[in-house]
There are 2 protein chains.
Amino acid sequence: MTSLQRVANRPTWLLSRANARAQALLADAFAAEGVRGYHFRLLAALDELGPASQAELARSTGVDRSDVVATLDDLVGWRLARRDPDPVDRRRNIVTITARGTTRLAGLDAVLDEVQAAVLGPLTAGERAALVRILAKLG
Amino acid sequence: MTSLQRVANRPTWLLSRANARAQALLADAFAAEGVRGYHFRLLAALDELGPASQAELARSTGVDRSDVVATLDDLVGWRLARRDPDPVDRRRNIVTITARGTTRLAGLDAVLDEVQAAVLGPLTAGERAALVRILAKLG
DNA sequence: CTGGATCGTTGGTGATACCAACGATATACC
DNA sequence: GGTATATCGTTGGTATCACCAACGATCCAG
């Protein structure tokens, strides 16, 4: 596609192009499953944290609270998660992943595995490991 | 911010997080200059290609034609580029970077340099070189 | 009891990326 | 010359992720 010399070796440019390609593949794969990135992120957090308030979900995933609301509306509508009032604090809901949600999440993990393989196809095993290490260091 | 174990070592996840951080810094830096990513991309392409049609700009930058129109409206409005009818083909405009545009582009290059340094700060020189090489290979 | 903080919700915006449709123009072919 | 197909620039639209503001309800410390 683009071949602008001015940016060809700029790390931020290369990062954005690589990310764009990866996200496009991932978005397509998720779309085929009827979900988006935010859905996956919330399900993953619920699976890992156990029942949590919406604000906890927002903090643990980095997704804005208002986007947690909208995404969770979908998940609850699909019966992948449940929302109950918190008996301890009336301001809160407690969100729980359902068995359906857990199953669905496992399916999405498999989708993710395929996308990793597709995105990283051109790299050697050593390069993949180096990429992961370096990107993690950028965190 | 987020610490989801499920995705912690997924290359696509690490890539999206690293990119998000880089783009946030870049967007802020560009915003302080009154431009966006697309503006920079079009200016860079004009500088490199010389006068070009809008469709050529779209193809060389990967920016959709309709987004080229909107972005170019800004650039022309700021007198960073000029749009003239192509005498050879009445369907086309020929777009040219202005002297103001060239000067502005040089300023944005400096901004980009600073952002690279900020984004890549945590890495050693060797790691930076490896990152560039690997990301370029993903292209 | 008051002030400040937190929660969930509603509503909004922006950047990037992408798509559809249309009138004007160009070109190859019959 | 006419027709079919392609290209151009424009207008209009959508989606996703990311982020922000405001508000009523609730909680808690002083």
Side-chain angles (χ1 to χ4, degrees), chain A residues 1-2 12-13 15-42 52-76 81 83-95, chain B residues 1-2 12-13 15-17 19-31 33-42 52-76 81 83-95:
Chain A
M1 54 172 292
T2 187
T12 52
W13 173 259
L15 201 47
S16 74
R17 294 305 95 201
N19 183 62
R21 283 185 297 275
Q23 293 309 310
L25 285 179
L26 187 59
D28 284 348
F30 274 163
E33 298 289 325
V35 301
R36 288 185 278 102
Y38 277 179
H39 295 126
F40 175 76
R41 275 160 82 171
L42 288 196
S53 72
Q54 286 171 225
E56 279 165 346
L57 283 179
R59 285 189 293 266
S60 67
T61 58
V63 176
D64 185 85
R65 281 180 306 157
S66 66
D67 297 317
V68 168
V69 173
T71 306
L72 201 47
D73 286 345
D74 288 342
L75 293 179
V76 170
R83 205 192 233 136
D84 305 297
D86 182 345
V88 172
D89 184 333
R90 299 270 297 286
R91 296 172 296 184
R92 288 197 192 121
N93 293 324
I94 294 294
V95 186
Chain B
M1 59 171 294
T2 188
T12 52
W13 173 260
L15 200 49
S16 75
R17 292 307 96 202
N19 183 62
R21 284 185 297 275
Q23 293 309 309
L25 285 180
L26 188 56
D28 284 349
F30 275 163
E33 299 288 324
V35 301
R36 290 185 278 102
Y38 277 178
H39 296 124
F40 175 75
R41 275 160 81 171
L42 288 196
S53 72
Q54 286 171 222
E56 277 164 348
L57 282 179
R59 285 189 292 267
S60 67
T61 59
V63 175
D64 185 85
R65 281 178 305 158
S66 67
D67 296 317
V68 167
V69 174
T71 305
L72 202 48
D73 287 346
D74 289 341
L75 293 179
V76 169
R83 204 193 236 137
D84 304 296
D86 183 346
V88 172
D89 184 336
R90 300 271 296 286
R91 296 172 299 184
R92 288 198 190 118
N93 294 324
I94 295 294
V95 185

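Here is the naming used below: chain letters follow the sequence lines, and residue numbers restart at 1 for every chain.
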Next item on the list: Return the 5'-most residue of the pair Arg91(A), Ser66(A) with respect to DNA chain D, ranking by each residue's nearest nucleotide.
Entry: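 With Arg91(A) and Ser66(A) compared, the 5'-side residue is Ser66(A).
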
Check: Want to settle it: does Asp73(B) or Asp89(A) sit nearer the 5' end of DNA chain D, counting the closest nucleotide to each?
Finding: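 The residue whose closest nucleotide sits nearer the 5' end is Asp73(B).
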
Distance in angstrom units between [X] [atom1] and [N] [atom2], rounded:
X        : N       : atom1 : atom2 : result
Arg65(B) : dG12(D) : CZ    : P     : 16 Å
Asn19(A) : dT16(D) : CG    : P     : 17 Å
Leu57(B) : dC8(D)  : CG    : P     : 12 Å
Leu25(B) : dC19(D) : CG    : P     : 12 Å
Arg92(A) : dC27(D) : CZ    : P     : 10 Å
Asp64(B) : dT14(D) : CG    : C1'   : 12 Å
Asp86(B) : dT7(D)  : CG    : P     : 16 Å
Arg90(A) : dC28(D) : CZ    : P     : 13 Å

Margin query: I'd like the 5' and 3' limits of the part of DNA chain C contacted by chain B, with heavy-atom contacts below 4.0 Å.
Written below: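 Listed 5' to 3', the contact boundaries are dA15(C) to dA26(C).
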
Check: Heavy atoms under 4.0 Å, any strand shown: does Ser53(A) hit a base, just sugar-phosphate, or nothing?
Finding: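 Counting heavy atoms under 4.0 Å across all strands, the contact made by Ser53(A) is with sugar-phosphate only.
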
Notebook entry, point to check: Short question: side chain of Asn93(B), backbone of Val95(B) - any donor-acceptor pair under 3.5 Å?
Noted result: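 Pair absent, no side-chain N/O of Asn93(B) close to backbone of Val95(B).
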
Notebook entry, point to check: Hey, does the side chain of Arg92(B) reach the backbone of Asp86(B) with a donor-acceptor pair shorter than 3.5 angstrom?
Noted result: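 A pair under 3.5 Å: no.
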
Notebook entry, point to check: To the side chain of Ala55(B), which of dC8(D), dA25(D), dC17(D) is closest?
Noted result: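 From the listed options, dC8(D) comes nearest.
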
Margin query: I need the minimum non-hydrogen distance between Ala58(B) and Arg65(B), along with the two atoms involved.
Written below: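 Closest approach of Ala58(B) to Arg65(B), heavy atoms only: CB-CG, 3.7 Å.
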
Item checked: Taking every non-hydrogen atom, the tightest pair across Arg41(B) and Gly62(B) ->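 Between these two residues, the closest heavy atoms are NH2-C, 4.0 Å.
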
Check: Taking the nucleotide of DNA chain C with the closest heavy atom to each, which residue, Ser16(A) or Ala70(A), is nearer the 5' end?
Finding: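 Of the two residues, Ala70(A) wins.
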
Item checked: Terminal helix-axis angle for the helix from dC1(C)-dG30(D) to dC30(C)-dG1(D), with five pairs defining each axis and rounding to 10 degrees ->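 Result, rounded to 10 degrees: 10°.
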
Which distance, rounded to the nearest 0.5 Å, do you find between the [atom1] of [X] and the [atom2] of [Y]?
X        : Y        : atom1 : atom2 : value
Thr12(A) : Arg17(A) : OG1   : CZ    : 10.5 Å
Phe40(B) : Thr61(B) : CZ    : OG1   : 12.0 Å
Leu15(A) : Trp13(A) : CG    : CH2   : 12.0 Å

Note to self: Determine whether Val63(B) and Leu57(B) satisfy the following criterion, side chain to side chain contact (heavy atoms under 4.5 Å, CB included), listing intermediate values before the conclusion.
What the structure shows: CA-CA 8 Å; Val63(B) 175; Leu57(B) 282 179; over 6 Å; no

Item checked: Side-chain donor/acceptor of Asp67(A) to base of dC19(D), under 3.5 Å ->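 Check passes, donor-acceptor contact within cut-off.
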
Donor-acceptor pairs under 3.5 angstrom involving side-chain atoms of residues 69-76 of chain B: please list them, not counting sequence neighbours.
residue, atom, partner, partner atom, Å
Thr71(B), OG1, Asp67(B), O, 2.7
Asp73(B), OD1, Arg83(B), NH1, 3.1
Asp73(B), OD1, Arg83(B), NH2, 2.9
Asp74(B), OD2, His39(B), NE2, 2.9

